[in-house]
A.B. asks: 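Next up is a structure, given as structure tokens.
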Amino acid sequence: MNRNSLFTVTGTMLCIHLPAEIDHHIANALCAEADRLIQQKHIRCVLFDFSDTTFMDSSGIGMLIGRYKLTRFMGGVIMAVNVGPRMNRILTMAGIDKIMDIFEGMPVSG
């Protein structure tokens, strides 16, 4: 996992470009780096980009919930973008749609 290509910080926004598969090992690495960036860069918005993601187990759900809790504690918001039908079904079944906005594409601002 090349961490440099997975994380993009723009101002107070962190975009996490999730890999194709998110298992326990990958989820732990994502948590550690995301938490570091959220705290050090005073992140207020976290975007999880699911463009390339085709598999996520329960540890991936846990990773999302943990970042939600941290980001909310720091006064921020999180959302999922570029979510395909399969990942949307997984996120909805896990109740993630209750704690974050989920977009099939990128959200439109303005």
A.B. asks: Step through the shown structure and confirm whether more than 12 heavy atoms of other residues, nucleotides or ligands are within 6.0 Å of CD on E104.
C.D. replies: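 No - once you tally the heavy atoms of other residues, nucleotides and ligands closer than 6.0 Å, there are 12 at most.
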
A.B. asks: Which heavy-atom pair separates A80 from F50 by the least distance, and what is that distance?
C.D. replies: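 For A80 and F50, the tightest heavy-atom pair comes out as CB-CE1, 3.7 Å.
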
A.B. asks: Output the distance between atom CE (M13) and atom NZ (K41), rounded to the nearest 0.5 Å.
C.D. replies: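 Going from CE on M13 over to NZ on K41, the span is 14.0 Å.
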
A.B. asks: Quick one, L14 with L47, criterion side chain to side chain contact (heavy atoms under 4.5 Å, CB included). Give me CA distance, side-chain angles, the key distance, then yes/no.
C.D. replies: CA-CA 6 Å; L14 170 63; L47 286 172; over 6 Å; no

A.B. asks: Nearest 0.5 angstrom please: I78 CD1 to R44 CZ, how far?
C.D. replies: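 So the CD1 of I78 and the CZ of R44 are separated by 14.5 Å.
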
A.B. asks: Any chance CZ of R36 has more than 12 other-residue heavy atoms, nucleotides or ligands included, within less than 6.0 Å?
C.D. replies: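 Buried by this count: over 12 neighbours within 6.0 Å.
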
A.B. asks: I'd like to know whether E33 forms a side chain to side chain contact (heavy atoms under 4.5 Å, CB included) with L37, so could you lay out the CA-CA distance, the side-chain angles of the two residues, the decisive distance to 0.1 Å, and finally the verdict.
C.D. replies: CA-CA 6 Å; E33 184 64 10; L37 290 169; 3.9 Å; yes

A.B. asks: At what distance, to the nearest 0.5 angstrom, does CD of Q40 lie from CG of D35?
C.D. replies: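 Interatomic distance, Q40 CD to D35 CG, rounded to 0.5 Å: 11.0 Å.
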
A.B. asks: Measure the CE-CD1 distance between M56 and I96 for me, rounded to the nearest 0.5 Å.
C.D. replies: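 Spacing of CE (M56) from CD1 (I96) equals 7.0 Å.
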
A.B. asks: Which value, rounded to the nearest 0.5 Å, describes the distance between F48 atom CZ and I22 atom CD1?
C.D. replies: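 One finds 9.0 Å between CZ of F48 and CD1 of I22.
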
A.B. asks: Please determine whether residues I65 and M93 belong to a single hydrophobic cluster, defined as Ile, Leu, Val, Met, Phe, Trp and Tyr linked transitively by side-chain heavy-atom distances below 4.5 Å.
C.D. replies: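 No, because I65 and M93 fall into different hydrophobic clusters, even though each may have its own neighbours under 4.5 Å.
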
A.B. asks: Does M74 belong to the same Ile/Leu/Val/Met/Phe/Trp/Tyr cluster as I16, with side-chain heavy atoms less than 4.5 Å apart forming each link?
C.D. replies: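 The answer is yes; both residues are in one hydrophobic cluster.
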
A.B. asks: Taking V9 as the starting point, is it possible to reach V46 by hopping between hydrophobic residues whose side chains are less than 4.5 Å apart?
C.D. replies: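 Both belong to a single hydrophobic cluster.
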
A.B. asks: Are R72 and Y68 packed together at the side-chain level, in the sense that at least one heavy-atom pair is separated by less than 4.5 angstrom?
C.D. replies: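 Yes, close enough: below the 4.5 Å cut-off.
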
A.B. asks: Can you name the closest pair of heavy atoms from M79 and M100 and give their distance?
C.D. replies: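 Scanning both residues completely, I find the closest heavy atoms to be C-SD, 3.8 Å.
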
A.B. asks: Of the non-hydrogen atoms in M63 and L18, which two are nearest, and what is the gap between them?
C.D. replies: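 Closest pair (atom of M63, atom of L18, distance): CE-CD2, 4.1 Å.
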
A.B. asks: For residues I61 and A94, report the shortest heavy-atom separation together with the two atoms involved.
C.D. replies: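 In terms of heavy atoms, the two residues are closest at CD1-CB, 3.7 Å.
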
A.B. asks: Walk me through it: do D101 and F103 pass the test side chain to side chain contact (heavy atoms under 4.5 Å, CB included)?
C.D. replies: CA-CA 7 Å; D101 290 330; F103 298 94; 3.5 Å; yes

A.B. asks: Are F73 and I38 joined in one hydrophobic group, where the rule is that I, L, V, M, F, W and Y side chains link up if heavy atoms are under 4.5 Å apart?
C.D. replies: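 Both belong to a single hydrophobic cluster.
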
A.B. asks: Are a donor atom and an acceptor atom from the side chains of S51 and H17 found within less than 3.5 Å of each other?
C.D. replies: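 Note: S51 and H17 side chains miss the donor-acceptor criterion.
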
A.B. asks: So which heavy atom on D49 is nearest to which on C15, and how close?
C.D. replies: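 For D49 versus C15, the nearest heavy atoms are CB-SG, 4.1 Å.
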
A.B. asks: Can you check whether L64 reaches L91 side chain to side chain, under 4.5 Å on heavy atoms?
C.D. replies: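 Yes, at least one pair of side-chain atoms sits under 4.5 Å.
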
A.B. asks: Grouping I, L, V, M, F, W and Y whenever their side-chain heavy atoms are under 4.5 Å apart, do L70 and I99 come out in a common cluster?
C.D. replies: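 Yes: a chain of side-chain contacts under 4.5 Å links L70 to I99.
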
A.B. asks: Roughly how far, to the nearest 0.5 Å, is CE of M87 from OG1 of T54?
C.D. replies: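 If I round to the nearest 0.5 Å, the distance is 8.0 Å.
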
A.B. asks: What closest approach, in Å, do P19 and L30 show between heavy atoms, and which atom pair accounts for it?
C.D. replies: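 Scanning both residues, the minimum pair turns out to be CD-CD1, 4.3 Å.
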
